[in-house]
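Everything on this sheet refers to the single structure shown next.
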Number of protein chains: 2
Amino acid sequence: MGGLMRRPTIVDIAKAAGVSKGAVSYALNGRPGVSEETRRRILAIASDMGWAPSSPARALSPGGRIGAIGLVVDRPAHSLGLEPFFMQLVSGIETELASSNNDLLLQVTEDMGAETAAYRRWSAERRVDGVIMVDLRVDDPRIGLVEGLPLPAVVLGGPEGAGSLPCLYTDDSVAMREVVHYLAALGHRRIVRVAGPEEFVHTRARTAAFLDAAEQAGLAEAYSVHADYTGEAGTRTTRRLLARTDRPTALVYDNDLMAVAGLGVAREMGVGVPSQLSIVAWDDSVLCRLVRPSLTAIARDIVSYGRLAAAMLGDAIEGRPVRNQETSRGELYPRASTGPMGA
Amino acid sequence: MGGLMRRPTIVDIAKAAGVSKGAVSYALNGRPGVSEETRRRILAIASDMGWAPSSPARALSPGGRIGAIGLVVDRPAHSLGLEPFFMQLVSGIETELASSNNDLLLQVTEDMGAETAAYRRWSAERRVDGVIMVDLRVDDPRIGLVEGLPLPAVVLGGPEGAGSLPCLYTDDSVAMREVVHYLAALGHRRIVRVAGPEEFVHTRARTAAFLDAAEQAGLAEAYSVHADYTGEAGTRTTRRLLARTDRPTALVYDNDLMAVAGLGVAREMGVGVPSQLSIVAWDDSVLCRLVRPSLTAIARDIVSYGRLAAAMLGDAIEGRPVRNQETSRGELYPRASTGPMGA
DNA sequence: GCCGTCTGCTTAACCGGTTCAGTTTCTGTG
DNA sequence: CACAGAAACTGAACCGGTTAAGCAGACGGC
């Protein structure tokens, strides 16, 4: 068991190299103050010993960074597993972090109180250098809190409502227009959107874009109903909508999970897809391609989204200026779940 | 912006209370050495100032803990989002960690090399106090590595192959027997299992249990084929199986994602479920309940699994003895995807 | 009245890095 | 040859905690 061996420190390296620990620090950090020859010798010894800097020790120095960022995901755990969005986001974030040996702290909470508590604690205990916040809400309590904390942050969403914090957002209006016009071109007149929670800023933006596009396309009967992203809500909402006498002929869901739930309800109620009902999912995923009929979906590059967010946060942590950014827009991928009525 | 305010330290508290910082430390940690009255005064001041211990500083002291554990998930990111297993596991782990103000570092990697590198780095840089390892493999290189590192660990899987590391495992044989006998009772004779990767220990254990149960039930034709948990593999494998002349009448999938993929293929090929083919998924999820027909599944309490794993790791970190444990077994939840042939 | 012990606290070292202020040595210049 | 200036390195302070050792004063016992 090598398990008991003491981890080497820069003092060990200093002894081995016959120099002071200050010199070792300069050498290892590529700063001036040591000759090239000494630097090489020190680096060789460090590598020999398998030395790596203690992150707590580094963090303790004035101006030191712990080398970790935090992400809180505030959604019910049982629905979360199904949303590829988060895992892809995490994957993108880590791609960026990996290049600088940074780590990700993940917390899954069930309410906003626990989320704000997490930011407070992380900041006070110096566990992270910064945080990425998702699911921006209208009058989001997190914004004021984090603005008042010594905690760099990047907001996914906005730019309205992000306060003074840098943010990264998608303009969904173009994709929304594409979807609505596509459905209108297929002959649909009664298009209903099963949206995410109303308190999310991006839900509102999409709602406005949806109404806008519908008006443009001359659809007076388009409207949105709100659900909470869970499969259960998707099931309930769809059942209610399909039971109406003026049943919609096309449904646009704000996430893939609700769309799949909607597909199940349609089958249950004997409503043919796409012959009697067209279905579109926002945010594509393996899931959309696996179910039958496969779901027409709007895909975004979420991995890049995460990578960019992490890069922005890195800049903010280093004290570099950070500008709000817009990411690539979603694109429509028509599949088997959409078509003209009766086809 | 209070953002610029210096975070209070124990020295600030000591000054305010008119005592030494040592006394403050004793008071805050509930150790003897200060009078009850002084302790109360110090606690009040600390709470007033909004003080919280700097985790890097704590970690730096001899024997200090950083208060974080690590989890590496080594699966392709795009399939991962769909597996409720991991999010539920994370959720369970965090439930346990929350009680002691500990955090979770999550890393999503695409290969074993990156995973072992993560353990090395985390240990060398003292970023975590311990790790939880999932998806134990046959001759797993992680075991030897971690055994040789000063890094407490708990293995999910085993107990064979976990080396000297404490492990937490499920005995799937009971549930497997239940599934096979249930299908046999429905009249199925050609049952095929679409298994996870062969190199996973738990896959092998299930394979053995499956063969055992099939023999018991007098099914000579039962066998397993291996896939990699992705929807694509599920699709491909199922297509191949359903194209055979001696087509199986029941399929048992090792995860929900492949089962859903299989259902899609059956529809595509005009094979009725459950009239011509029964489908069972291992590990239940929202997904199984959302698709039509809903999938018969084996459910385990994964949240508890995670919680227990975190508790075991906590013991290991504190140096308390840790015994291998078996968790609750899975249970079969029959739904619409299974039935007698031709029904 | 002296000693031993306990309580309640202080002092100082330590963890493993970073960094600033010096000190020594080397080099080039007038 | 004296001297400036840079290069290479040392020593020590510092970050924010924990903890061992030391010490003053109170108290009790004989």
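Because the structure is a prediction, the values reported are computed rather than measured. Each chain gets a letter, A, B and so on, in the order its sequence line appears, and its residues count up from 1.
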Q.
Over all strands shown, is Ser20(B) touching base, sugar-phosphate only, or nothing at heavy-atom distances under 4.0 angstrom?
A. base
Q.
Is it the case that the side chains of Trp122(A) and Asp103(B) hold a donor-acceptor pair, with the cut-off being a distance below 3.5 Å and no angle test?
A. yes
Q: Verify the neighbour count for atom CZ of Arg120(A): are there more than 12 heavy atoms of other residues, nucleotides or ligands below 6.0 Å?
A: no
**Q.** Sidechain N-carboxylate O distance under 4.0 Å for Glu199(B), Arg137(B)
**A.** yes
Q: Starting from P on dA8(D), measure out to CD on Glu36(A) and report it in whole angstrom.
A: 9 Å
**Q.** Residue pair Glu115(B) / Thr109(B), side-chain donor-acceptor N/O under 3.5 Å
**A.** no
Q. Are any of the side-chain nitrogens in Arg65(B) or Glu318(B) under 4.0 Å away from the carboxylate oxygens of its partner?
A. yes
Q: Rounded to the nearest angstrom, tell me the gap between atom CE in Met49(A) and atom P in dG17(C).
A: 12 Å
Q: Treat primed atoms plus P, OP1 and OP2 as sugar-phosphate and everything else as base, then score nucleotides 14-21 of chain D 5' to 3': B for base contact with protein heavy atoms under 4.0 Å, S for sugar-phosphate contact only, - for none.
A: -BBBBBB-
Q. Taking NZ, NE, NH1 and NH2 as the nitrogens, is one of them in Arg58(A) or Glu125(B) under 4.0 Å from a carboxylate oxygen of the other?
A. no
**Q.** Net bend of the helix from dG1(C)-dC30(D) to dG30(C)-dC1(D), end axes of five pairs each, nearest 10 degrees
**A.** 60°
(Q) Check Arg39(B) with Glu36(B), please: is the shortest side-chain N to carboxylate O separation under 4.0 Å? (A) yes
Q: Flag the pair Leu145(A) / Tyr119(A) as yes when at least one side-chain heavy-atom distance between them is below 4.5 Å, and no otherwise.
A: yes
